[in-house]
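In what follows, a structure is listed as structure tokens, so that the remarks can point back to it.
Counting starts at 1 for both ligands and their atoms, in listed order.
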Amino acid sequence: MTLQTGDSGTEAVEADLRARLATLDLATKVALVTGENSWNLRAVPAIGLRAVSLSDGPAGVRGVAQVDPLPSASFPSPTAMAATWDVAAASGIGDAFAVEAHRQGVDVVLAPVINLQRTPYGGRHFENFSEDPLLVGAMGAALVTAIQSHGIAATPKHFIANETETERTSYTAHLDERTLREVYLAPFEDAVDAGAWAIMSAYNGVDDGVQAAPMSEHGHLVNDILKGELGFDGVVMSDWMAARRTVQTAVGGLDLAMPGPFGPWGDALLAAIEAGTVAESVLDDKVLRVLRLARRVGALDGATPATGRDDVSGIDVAAVVRRLAARSTVVLRRAGDVLPLRKPASVALIGPNAVEAFTQGGGSAHVNPPYLISPADGLRAALGEGVTVTVDAGCTSRLTARLADPGVTDDWTIAHYAAGGHLVASTTQPAGGHVHVTPASAAVLRVSLTGTVRLDTAGSHELGVAALGRHESFLDDVPLHRETSTAHGEDVLTSTSNNPPGGSATLTVDEPRAVRVRVELEIPDLDDFGRWSVVIVRHVAPGPSEDELLDAAVASAVAAEVAVVVVGTNDEVESEGFDRQSLALTGRQDELVRRVAATGTPTIVVVNAGAPVILPWLDEVAAVLWTWFPGQECGNALADVLLGRVEPAGRLPWTLPAREEDIPTRPTAPRDGRLRYDEGVLVGHRAWDAAGRQPARPFGFGLGWTDFEVTGMRAAAQALAADGTADGAADRVPDGSVDLLVTVRNTGERAGTAVAQVYLEPPAGEVVRPLRSLAGFATALIEPGEQADIPVRIRGRAFQTWDVAAHDWTTLPGEYTLHAGLHSRDTGATLTLPR
Ligand code: BGC
């Protein structure tokens with residue numbers, strides 16, 4: 001059987017896929033709709049199908065190894081990409097995804113995340129693009145197009161209403177029909193329009209008024225809307241272990257249960273089909289979709305992927321991610337001319353995140369980068385010899401002690417025991433505080449891990465030992481902790497596996513000595529994640545007190561020409577698996593900033609965080625930069641920005657609150673398993689507008705390194721009438737879109753990237769609508785003193801609202817006002833359009 005190349009969807013290709021399907025027996029078809037393991041689908045050589053491989057995630061391509069993944073480039077977090085407000089930037093990232101995927105033999109990338117930043121508390125906020133559905137949709141679609149142009153499938157996820165980590169595998173989101181359509185479904189609609197080849201369904205359930213069901217069983221949203229109405233012809237795969245029931249998932253539109261080889265289908269699905277509870281045609285449609293995906297990525301007969309697997313070897317991934325990290329930086333404050341730095345004689349680099357930058361968020365998006373450029377290394381390399389760079393933590397921001405350094409531990413010895421205490425094997429694991437435990441064989445039921453931690457300095461040491469699963473730990477054979485609960489797959493999903501339970505002790509020593517650590521551990525069965533565990537050893541050596549840390553940082557600031565204070569979050573604060581409880585910076589970071597600024601040394605604060613944190617000193621320091629989770633090029637990108645080599649051209653894709661109590665949508669925790677999206681369509685900046693509250697910085701804000709002014713706006717296809725109105729005829733293209741030209745002047749002294757943002761104000765009416773919605777945007781590089789007419793397209797959909805009675809889109813008649821500005825509260829130029 002030979003497969004022709006060309007677009008899937010053509011008659012010949014579809015006929016060929018159906019012919020292959022027709023040769024498969026029932027058991028093979030059933031086998032094809034569950035993963036073979038965590039990251040691969042099954043091969044069926046008889047029909048020319050090789051195994052298709054999948055990999056996380058949105059900030060790089062981790063690869064297919066469950067443990068110790070190969071080095072793989074760590075990209076800036078997705079919010080950073082959205083902060084460029086530049087769909088062209090997505091294409092560069094799409095190239096980088098393709099290089100990494102090709103290198104690791106990955107066919108399907110489990111990205112992008114196109115859920116919304118519904119509240120700043122969401123644990124996976126950093127993996128999302130924005131709080132605004134239009135910006136999410138535009139970035140998501142651009143990335144899908146870019147990744148797939150290289151023959152790699154993108155997997156927009158998680159369909160749908162997956163905005164909270166608390167009880168994430170079990171809550172049911174309650175959304176009304178209009179909110180669903182206008183806000184949460186909109187980015188998925190864009191992704192389908194962009195031709196996504198796969199979509200991942202969410203863990204949570206949704207009650208949309210028609211059906212209340214887990215998303216892996218939601219026939220109304222998946223079969224009727226996604227596949228039916230929107231015409232999605234790709235694979236709907238489950239989130240990992242989200243598919244639980246056999247028949248409900250089969251008839252509910254799920255095509256692929258991940259991971260394998262277990263899951264709810266297999267023999268149970270075979271039996272259901274044989275019993276007639278699930279029609280074989282339902283299975284056939286799933287298999288056809290899997291084959292279509294395989295065809296598209298070039299896994300059938302070794303055919304070229306639908307879009308051609310081009311040569312990406314010339315793409316310099318490090319350069320792409322470095323540039324993105326720098327240009328996505330948002331300038332929140334720029335007083336005087338402290339930036340860019342002009343070769344200072346000395347720089348005091350201060351802050352917990354200066355010492356240990358948080359370059360990627362926690363959870364499944366995590367990759368194992370080949371290297372990490374720290375802020376100090378980046379700055380020193382850029383400033384060159386002769387410039388003194390001092391580094392001080394200034395305070396501790398972590399709530400738990402850090403992992404034991406490999407320098408104070410030896411390799412760990414693991415004795416593996418089968419039933420009856422029979423010793424099966426003895427293995428070793430490298431020194432350090434993170435010990436992965438893989439049983440030597442299936443017969444191994446428990447292990448005994450032993451090793452030492454050297455307490456090299458006199459004073460009080462804190463030592464912690466934790467492990468995933470039932471265990472007992474000992475320090476010098478003295479019991480430390482006894483954990484009686486067993487671990488399950490759910491503990492991986494909630495990130496408990498990254499921070500398992502355990503105990504700690506303070507040991508005071510007069511002279512150096514080694515402490516013997518022993519952990520007696522039962523190997524847990526983590527369901528589809530397999531049988532393994534992890535032992536975490538934490539150690540804090542005697543060191544300066546918090547007061548001493550602060551004083552040392554202040555002294556360094558006094559002695560330096562300029563202070564750069566890097567504050568932010570870390571993996572205890574922002575991660576998959578849990579939500580945040582507070583938006584305050586942890587530890588004494590706020591005090592640190594204020595004390596350094598009070599020295600009088602010009603102070604630049606760098607915020608290294610993904611989701612909003614409260615910055616009470618925002619307007620008291622010389623400059624504030626928001627650098628996201630910048631990925632492996634962290635230090636280089638920071639130096640590029642500080643030294644003026646790359647413009648920090650980012651604009652906030654979310655609203656920065658001044659105080660937590662001002663945030664309109666705060667609760668993230670479900671009640672009795674229900675999470676109500678009661679704010680409806682008033683999400684993000686729309687809710688701030690509706691509440692009439694003043695944030696610290698509005699949605700869309702960013703100063704860059706020059707100044708802009710929006711001086712006018714006109715419909716592209718016609719001159720405006722003298723009264724500033726357009727009659728709504730010549731300015732419309734067939735789908736109801738409007739093409740505008742927004743005139744922006746660069747009033748500053750450097751060339752810079754302007755982001756023209758157009759917000760739509762609907763006519764007053766009975767339906768509650770946002771005061772203003774983001775309706776279109778575009779970027780342009782403008783020379784100093786010059787002005788540019790930036791083309792911005794407003795889609796017809798921007799004028800529409802969902803008519804609940806008619807179950808359809810409608811354009812309510814009236815005068816619509818378009819506002820063009822530099823952020824959501826900048827209503828500079830206006831234009832009215834009757835509709
Ligand atoms: C996450 C997904 C991810 C999957 C595989 C899940 O827990 O929600 O985003 O793709 O794991 O790692």
Side-chain angles (χ1 to χ4, degrees), residues 34-41 52-67 69 72 75 77-78 97 101 104 106-116 122-129 140 143 147 152-171 173 188 191 196 198-205 214-216 235-244 254 256-260 262-263 360-368 488-498 526-530 532 574-579 610:
T34 293
E36 181 171 34
N37 51 41
S38 287
W39 308 112
N40 291 292
L41 308 191
V52 169
S53 66
L54 288 60
S55 166
D56 280 310
V61 181
R62 189 175 60 237
V64 293
Q66 183 70 33
V67 179
S72 181
F75 302 174
S77 53
F97 267 110
Q104 305 189 72
V106 166
D107 301 300
V108 181
V109 174
L110 305 178
V113 178
I114 54 171
N115 301 117
L116 259 79
R124 296 183 86 168
H125 193 282
F126 67 90
E127 276 190 71
N128 298 359
F129 290 123
L143 200 59
I147 294 173
I152 306 287
T155 314
K157 61 187 186 183
H158 311 81
F159 186 73
I160 191 171
N162 186 187
E163 274 83 26
T164 292
E165 289 302 276
T166 310
E167 299 174 25
R168 70 172 181 147
T169 59
S170 59
Y171 74 80
F188 283 96
I199 281 180
M200 186 188 288
S201 62
Y203 285 120
N204 53 276
M215 280 313 300
S216 54
V235 168
V236 175
M237 73 177 78
S238 69
D239 200 340
W240 264 229
M241 290 170 49
R244 294 195 173 142
L254 188 72
L256 178 62
M258 287 303 291
F262 308 113
Q360 46 177 333
S364 61
H366 205 272
V367 301
N368 180 24
H488 303 281
E490 191 72 17
D491 294 296
V492 180
L493 299 178
T494 57
S495 284
T496 303
S497 52
N498 295 331
L526 304 173
D527 307 312
D528 271 343
F529 291 107
W532 52 269
E574 292 192 68
S575 172
E576 180 177 338
F578 55 86
D579 292 312

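- Near M200, with a cut-off below 4.0 Å to any heavy atom, the atoms of ligand 1 are 10 (O).
- Looking only at atom types and distance, the side chain of S72 has a donor-acceptor partner in the side chain of Q104 under 3.5 Å away.
- Ligand 1 lies out of reach of F529, whose nearest heavy atom is not under 4.0 Å from it.
- Within the model, atoms CG of N115 and CZ of F129 stand 11.0 Å from one another, a figure rounded to the nearest 0.5 Å.
- Taking atom 4 (C) of ligand 1 as the reference point, the nearest protein heavy-atom neighbour is D239 OD1, 3.4 Å.
- Side-chain contact of D579 with T166: a donor-acceptor pair under 3.5 Å is present, judged by distance alone.
- The structure places OG1 of T34 at 11.5 Å from CZ of F262, a figure rounded to the nearest 0.5 Å.
- Considering backbone and side-chain N/O atoms, R168 comes within less than 3.5 Å of an N/O atom of ligand 1.
- Residue-ligand proximity, K157 to ligand 1, at heavy-atom distances under 4.0 Å covers atoms 2 (C), 3 (C), 9 (O), 10 (O).
- In summary, the side chains of H488 and D527 do not present any donor paired with an acceptor at a separation below 3.5 Å, with no hydrogens or angles considered.
- Checked by distance only, ligand 1 and H158 come closer than 3.5 Å through their nitrogen or oxygen atoms.
- A heavy-atom separation below 4.0 Å is not found between M241 and ligand 1.
- For atom 10 (O) of ligand 1, the closest non-hydrogen atom of the protein is D56 OD1, 2.6 Å.
- Residue contact check: R124 has heavy atoms under 4.0 Å from atoms 1 (C), 2 (C), 8 (O), 9 (O) of ligand 1.
- Under 4.0 angstrom from ligand 1, there are no non-hydrogen atoms of H366.
- Close contacts between ligand 1 and E576 involve ligand atoms 1 (C), 6 (C), 7 (O), 8 (O) [criterion: under 4.0 Å to a heavy atom].
- With values rounded to the nearest 0.5 angstrom, M258 atom CE is found 10.0 Å from E36 atom CD.
- Ring centroid separation for the pair Y203 and Y171 does not come in under the 6.0 Å cut-off.
- Ranking protein heavy atoms by distance to atom 7 (O) of ligand 1, first place goes to Y203 OH, 2.8 Å.
- Contacts between E127 and ligand 1, counted as non-hydrogen atom pairs separated by less than 4.0 Å, are absent for every part of the residue.
- Using a cutoff of 4.0 Å between basic side-chain nitrogens and carboxylate oxygens, E576 and R168 are scored as salt-bridged.
- Side-chain contact annotation: T169 with E490, donor-acceptor N/O pair under 3.5 Å present.
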